[in-house]
Amino acid sequence: MGSLGAILKNPDDFYPLLKLKMAARNAEKQIPPEPHWAFCYTMLHKVSRSFALVIQQLGTELRNAVCIFYLVLRALDTVEDDTSIETDVKVPILIAFHRHIYDRDWHFSCGTKEYKVLMDQFHHVSTAFLELGKNYQEAIEDITKRMGAGMAKFICKEVETIDDYDEYCHYVAGLVGLGLSKLFHASGSEDLAPDDLSNSMGLFLQKTNIIRDYLEDINEIPKSRMFWPRQIWSKYVNKLEDLKYEENSVKAVQCLNDMVTNALMHAEDCLTYMAALRDPPIFRFCAIPQIMAIGTLALCYNNIEVFRGVVKMRRGLTAKVIDRTTTMADVYGAFFDFASMLESKV
């Protein structure tokens, strides 16, 4: 539930943490009885506990569509992430993935741990997908097709310029934003949001993850994964991996701050997108991850620990964000607080 030391230091974390733990137990009890849906929701809890909690607030029909959308893209991402798959095998799978989701028998063994289980038993996801409404299916297929093609493009292409970086993030996350906007619209709960705002919602989250995950990506075996654009890091070092060495600490932090500044360019679009949402569960579903993102950027800014280990918000603070985010005023307040924290480090 969060370490005892952290709770003693921050006693007002206790009640939100307790509520979060109870919500997690409730979510696990609500797993549907049908085997394919049970697999999908159980897998969702394993691959993303926080997402599984936030998704629970949505109405059943939309929740099922978002669950399947997430698992389809998680599976696509597992193929892209597996550096042991040869390029000539990987690229055709990425490009054809949108067709595989209609095939109840298709599966492909790759990834590790729970991701391997997801890929080995992907037929459960396909079976559930085929039970969704046609409008949800079409939205998921469209985004999967565009994302697979974009991922395939970047298997053979380095992230050189900031434009490349924005394009890569569009394919792997901006399209998730577009897809979610389509699903919200298909449910009848929201107007269809403009593509540029939906894209920024994805880019803000993705760029935060890319910044936070520097060390994990650069140490990836058998081959490091490089998403920081050369146009930014080459101002500071000759090779991206040089940022992790202690002798380059000053330059590493300068480069990190450059990356955080780039990510913050999407914050205003995200606020505009969220301010237009009408449905309270959809609003909370969108707002909580965005607050977590600006909170993580504030922690990462000017912080050498990004190059030494994992930097993330403490569990109690995450619980508070989940507990206290209900209105747009809460979002503005949280963005202001984290932006002030970030400003104090400049």
Hey, mind stepping through His124 and Phe39 against ring-ring contact (aromatic ring centres under 6.0 Å, His included) and telling me if it holds? CA-CA 7 Å; His124 288 306; Phe39 174 85; 4.8 Å; yes
Tell me, do [X] and [Y] make a side-chain contact under 4.5 Å, heavy atoms counted?
{"X": "Lys116", "Y": "Ser109", "result": "yes"}
{"X": "Tyr245", "Y": "Val237", "result": "no"}
{"X": "His107", "Y": "Val125", "result": "no"}
{"X": "Thr42", "Y": "His45", "result": "no"}
{"X": "Leu243", "Y": "Cys255", "result": "yes"}
{"X": "Val72", "Y": "Ile143", "result": "no"}
{"X": "Val306", "Y": "Arg212", "result": "no"}
{"X": "Lys145", "Y": "Phe97", "result": "no"}

Can you tell whether the side chains of [X] and [Y] come within less than 4.0 Å, N to carboxylate O?
{"X": "Asp142", "Y": "Arg146", "value": "yes"}
{"X": "Glu167", "Y": "Lys153", "value": "yes"}
{"X": "Lys320", "Y": "Asp323", "value": "no"}
{"X": "Asp191", "Y": "Arg278", "value": "yes"}
{"X": "Arg324", "Y": "Asp330", "value": "no"}

Cluster question for you: counting only ILVMFWY and a side-chain heavy-atom cut-off of under 4.5 Å, with indirect links fine, are [X] and [Y] together?
{"X": "Val54", "Y": "Met201", "result": "yes"}
{"X": "Leu205", "Y": "Ile55", "result": "no"}
{"X": "Val346", "Y": "Ile232", "result": "yes"}

Applying side-chain hydrogen bond (donor to acceptor under 3.5 Å, both in side chains), name anything that partners Tyr165, two or more places apart in sequence or on another chain.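 Tyr165: no side-chain hydrogen bond (donor to acceptor under 3.5 Å, both in side chains) contacts found.
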My understanding is that only residues two or more places apart in sequence, or in another chain, count here; which of them pass salt bridge (Lys or Arg N to Asp or Glu O under 4.0 Å) with Asp258?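 Lys235.
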So, [X] and [Y]: side-chain donor and acceptor under 3.5 Å apart, yes or no?
{"X": "Ser84", "Y": "Asp82", "value": "yes"}
{"X": "Gln206", "Y": "His170", "value": "no"}
{"X": "Lys345", "Y": "Asn303", "value": "no"}
{"X": "Arg284", "Y": "Thr327", "value": "no"}

In terms of the angle between their ring planes, are Phe285 and Phe184 parallel, tilted or perpendicular, with boundaries placed at 30° and 60°?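 Ring orientation of Phe285 relative to Phe184: perpendicular.
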Find the distance between [atom1] ([X]) and [atom2] ([Y]) and round it off to the nearest 0.5 Å.
{"X": "Glu114", "Y": "Leu44", "atom1": "CD", "atom2": "CG", "answer": "12.0 Å"}
{"X": "Cys286", "Y": "Leu180", "atom1": "SG", "atom2": "CG", "answer": "7.0 Å"}
{"X": "Leu297", "Y": "Leu256", "atom1": "CG", "atom2": "CG", "answer": "9.5 Å"}
{"X": "Asp166", "Y": "His266", "atom1": "CG", "atom2": "NE2", "answer": "5.0 Å"}
{"X": "Leu264", "Y": "Tyr301", "atom1": "CG", "atom2": "OH", "answer": "9.0 Å"}
{"X": "Leu240", "Y": "Asp217", "atom1": "CG", "atom2": "CG", "answer": "9.5 Å"}

Keeping the roles fixed (side chain from [X], backbone from [Y]), state whether a donor-acceptor pair exists under 3.5 Å.
{"X": "Asp269", "Y": "Ser200", "value": "no"}
{"X": "Asp164", "Y": "Thr161", "value": "yes"}
{"X": "Asp242", "Y": "Lys239", "value": "yes"}
{"X": "Glu190", "Y": "Ser181", "value": "no"}
{"X": "Thr272", "Y": "Glu268", "value": "yes"}
{"X": "Lys312", "Y": "Thr296", "value": "no"}

Closest approach of His100 to Ile93 (non-hydrogen atoms, all atoms of both residues):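 Smallest interatomic distance, heavy atoms only, reads CD2-O, 4.3 Å.
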Might you point out which heavy atoms bring Leu299 and Met341 nearest each other, and give the distance in Å?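 Result for this residue pair: CD2-CE, 3.7 Å.
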Return yes when atom NE2 of His123 has more than 12 non-hydrogen atoms of other residues, nucleotides or ligands closer than 6.0 Å, and no otherwise.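 It does: His123 NE2 has more than 12 such atoms within range.
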Residues, nucleotides or ligands: over 12 heavy atoms within 6.0 Å of Glu247 CD: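 More than 12 within 6.0 Å, yes.
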With sequence neighbours excluded, residues passing ring pair (Phe, Tyr, Trp, His ring centres under 6.0 Å) with Tyr102: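 Scan of Tyr102 (ring pair (Phe, Tyr, Trp, His ring centres under 6.0 Å), adjacent residues dropped) gives Phe129.
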Would you say the rings of Tyr236 and Trp228 are close, in the sense that their centroids are separated by under 6.0 Å?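 Centroid separation for Trp228 and Tyr236: 6.0 Å or greater.
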Sort out for me which residue in Phe227, Trp233, Phe307 forms a ring pair (Phe, Tyr, Trp, His ring centres under 6.0 Å) with Tyr214.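 Of the listed options, the one satisfying the test is Phe307.
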